[in-house]
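Note sheet for the following structure.
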There are 2 protein chains.
Amino acid sequence: MKLTTKMRYGTRALVDLALHQDQQPVPSGEIAERQQMPVKYLESILVLLRNAGFVRTTRGAMGGYSLAHDPADISLAELFDVLEGPDALVACTDGPDCDRYDGCVTREVWARMYAASREVLEETTLADLVSRAREKQHASGNMYHI
Amino acid sequence: MKLTTKMRYGTRALVDLALHQDQQPVPSGEIAERQQMPVKYLESILVLLRNAGFVRTTRGAMGGYSLAHDPADISLAELFDVLEGPDALVACTDGPDCDRYDGCVTREVWARMYAASREVLEETTLADLVSRAREKQHASGNMYHI
DNA sequence: ATAATCCCCACTATACACATAGGAATAGGA
DNA sequence: TCCTATTCCTATGTGTATAGTGGGGATTAT
Ligand code: FES
Ligand code: FES
């Protein structure tokens with residue numbers, strides 16, 4: 001039960017973008033370098049984020065990625081739905097996909113687990129992470145390393 | 001972020017054992033048939049459960065598996081630790097394994113997620129699942145299908 | 001002895017994580 | 001305008017872990 005790298009990298013990428021949204025669009029190479037993640041893999045995640053409407057892209061020289069919305073309006077739960085998918089945790093959390101659905105006793109436990117996890121994500125916005133990152137930057141004097 | 005089959009199968013296997021613990025030791029073939037899971041794969045999971053002290057094994061003819069403790073004394077969290085491992089959710093939830101530990105802002109969120117999930121598992125015992133299974137058996141008239 | 005059963009080892013299949021290669025679009029200068 | 005560097009975009013290949021398969025040996029009740 002590991003959180004996928006899509007979710008972890010995607011979250012860090014959005015935080016990085018939020019920290020630099022006052023400037024020009026940020027190229028994927030800069031994000032990858034700062035966040036220490038493989039460039040090409042990051043780009044494949046940014047495609048998902050673009051299709052889901054989290055980021056805007058500008059092609060060509062001087063192009064890059066920028067946030068499409070205010071960080072305070074983005075909860076990690078929305079991100080989770082896109083990057084982990086609706087079938088997260090177990091396939092049969094929210095519907096009778098499984099042929100054993102009626103007699104299943106474990107499903108309810110996994111569903112409670114899922115709900116508890118999701119509640120944490122619901123109440124955390126991108127802006128929360130950004131302000132926490134700014135605090136840490138201030139404390140350590142390290143500009144870019146979040 | 002999928003729950004592994006080890007955890008899902010393992011849980012169902014223990015519930016199945018609890019429902020039949022009044023009888024002889026239960027052979028893996030019976031569990032696999034009732035629970036609709038691959039025999040050989042189930043056996044590899046039962047090895048883990050034996051090593052962790054959840055089940056006792058009896059070798060030879062008329063042998064099989066039986067619970068080592070009272071179902072009320074087994075929380076799903078203990079099972080989780082064995083079958084999903086201590087590094088569940090993310091590798092750096094409980095220690096400075098990661099070289100980015102100090103500046104990391106996402107770790108705290110993942111840690112809260114992990115704690116919330118685990119709390120659900122802590123407060124659910126095998127006996128809870130068993131009684132729920134008995135209710136469902138009674139309601140449907142289906143003896144073995146949990 | 002025989003059949004039933006656990007147990008160990010090695011093999012295959014599938015999904016995820018990541019790398020590589022190249023193409024398409026755009027900004028900026030000659 | 002045309003060229004070129006920069007950047008996003010798409011497709012395909014590779015490594016690794018999880019999931020599942022299979023054969024055969026060890027142990028024990030009958
Ligand atoms: S409903 Fe599918 S395994 Fe429980
Ligand atoms: S502490 Fe390792 S990624 Fe955050």
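Note on naming: letters A, B, ... go to the chains in the order of the sequence lines (proteins, then strands), and numbering restarts at 1 for each one.
- The side chain to side chain donor-acceptor pair (under 3.5 Å) analysis of residues 61-71 of chain B, with sequence neighbours excluded, yields no pairs.
- Taking a heavy-atom distance under 4.0 Å as the criterion, the stretch of DNA chain D touched by chain A extends 5' to 3' from D:dT6 to D:dT10.
- Rounding to whole angstrom units, CD1 of residue A:Ile45 and P of C:dA17 are separated by 8 Å.
- Between C:dC16 and A:Thr5, no contact under 4.0 Å exists linking OP1 or OP2 to a side-chain N or O.
- Within the helix from C:dA1-D:dT30 to C:dA30-D:dT1, the inter-axis angle between the opening and closing five-pair segments is 10°, rounded to 10°.
- The side-chain hydrogen bond (donor to acceptor under 3.5 Å, both in side chains) search around A:Arg112 returns none, not counting sequence neighbours.
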Enumerate the protein-to-nucleotides 6-9 of chain C contacts in which both atoms are nitrogen or oxygen and the separation is below 3.5 Å.
residue : atom : partner : partner atom : Å
C:dC6   : OP1  : B:Ser28 : N            : 2.8
C:dC6   : OP2  : B:Ser28 : OG           : 2.9
C:dC7   : OP1  : B:Thr57 : OG1          : 3.0
C:dC7   : OP2  : B:Tyr65 : OH           : 3.4
C:dC7   : N4   : B:Lys40 : NZ           : 3.1

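- In terms of the side-chain hydrogen bond (donor to acceptor under 3.5 Å, both in side chains) criterion, A:Ser131 has no residue partners (sequence neighbours excluded).
- Listed by chain and residue number, B:Ala52, B:Phe54 satisfy the side chain to side chain contact (heavy atoms under 4.5 Å, CB included) test with B:Val82 (two or more places apart in sequence, or in another chain).
- Within the structure, salt bridge (charged side-chain N to carboxylate O under 4.0 Å, His left out) pairs that include any residue of residues 19-33 of chain B comprise B:Glu30-B:Arg34 (at least two apart or interchain).
- Annotation: of the two residues near DNA chain D, A:Ala61 and A:Ser44, the 5′-most nearest-nucleotide partner is A:Ala61.
- Applying the side chain to side chain donor-acceptor pair (under 3.5 Å) rule to pairs touching residues 38-61 of chain A yields A:Thr5-A:Tyr41, A:Ser28-A:Glu43, sequence neighbours excluded.
- Rounded to whole angstrom, the span from the CG atom of A:Leu83 across to the C1' atom of C:dA17 amounts to 14 Å.
- Atom C1' of nucleotide C:dC18 and atom CD of A:Gln36 are separated by 16 Å, given to the nearest angstrom.
- Taking the side chain to side chain contact (heavy atoms under 4.5 Å, CB included) definition, one finds that A:Asp81 meets it with A:Tyr114, A:Arg118, sequence neighbours left out.
- Looking only at distances, a side-chain donor or acceptor of B:Lys136 sits under 3.5 Å from a matching main-chain atom of A:Cys104.
- In this structure, B:Glu78 contributes its side chain and B:Ser75 its backbone to a donor-acceptor pair below 3.5 Å.
- Residues that satisfy the side chain to side chain contact (heavy atoms under 4.5 Å, CB included) test with A:Ser117, not counting sequence neighbours, are B:Met113, B:Ser117.
- Between C:dC18 and A:Tyr9, a contact under 4.0 Å exists linking OP1 or OP2 to a side-chain N or O.
- Listed by chain and residue number, nothing satisfies the side-chain hydrogen bond (donor to acceptor under 3.5 Å, both in side chains) test with A:Glu119 (two or more places apart in sequence, or in another chain).
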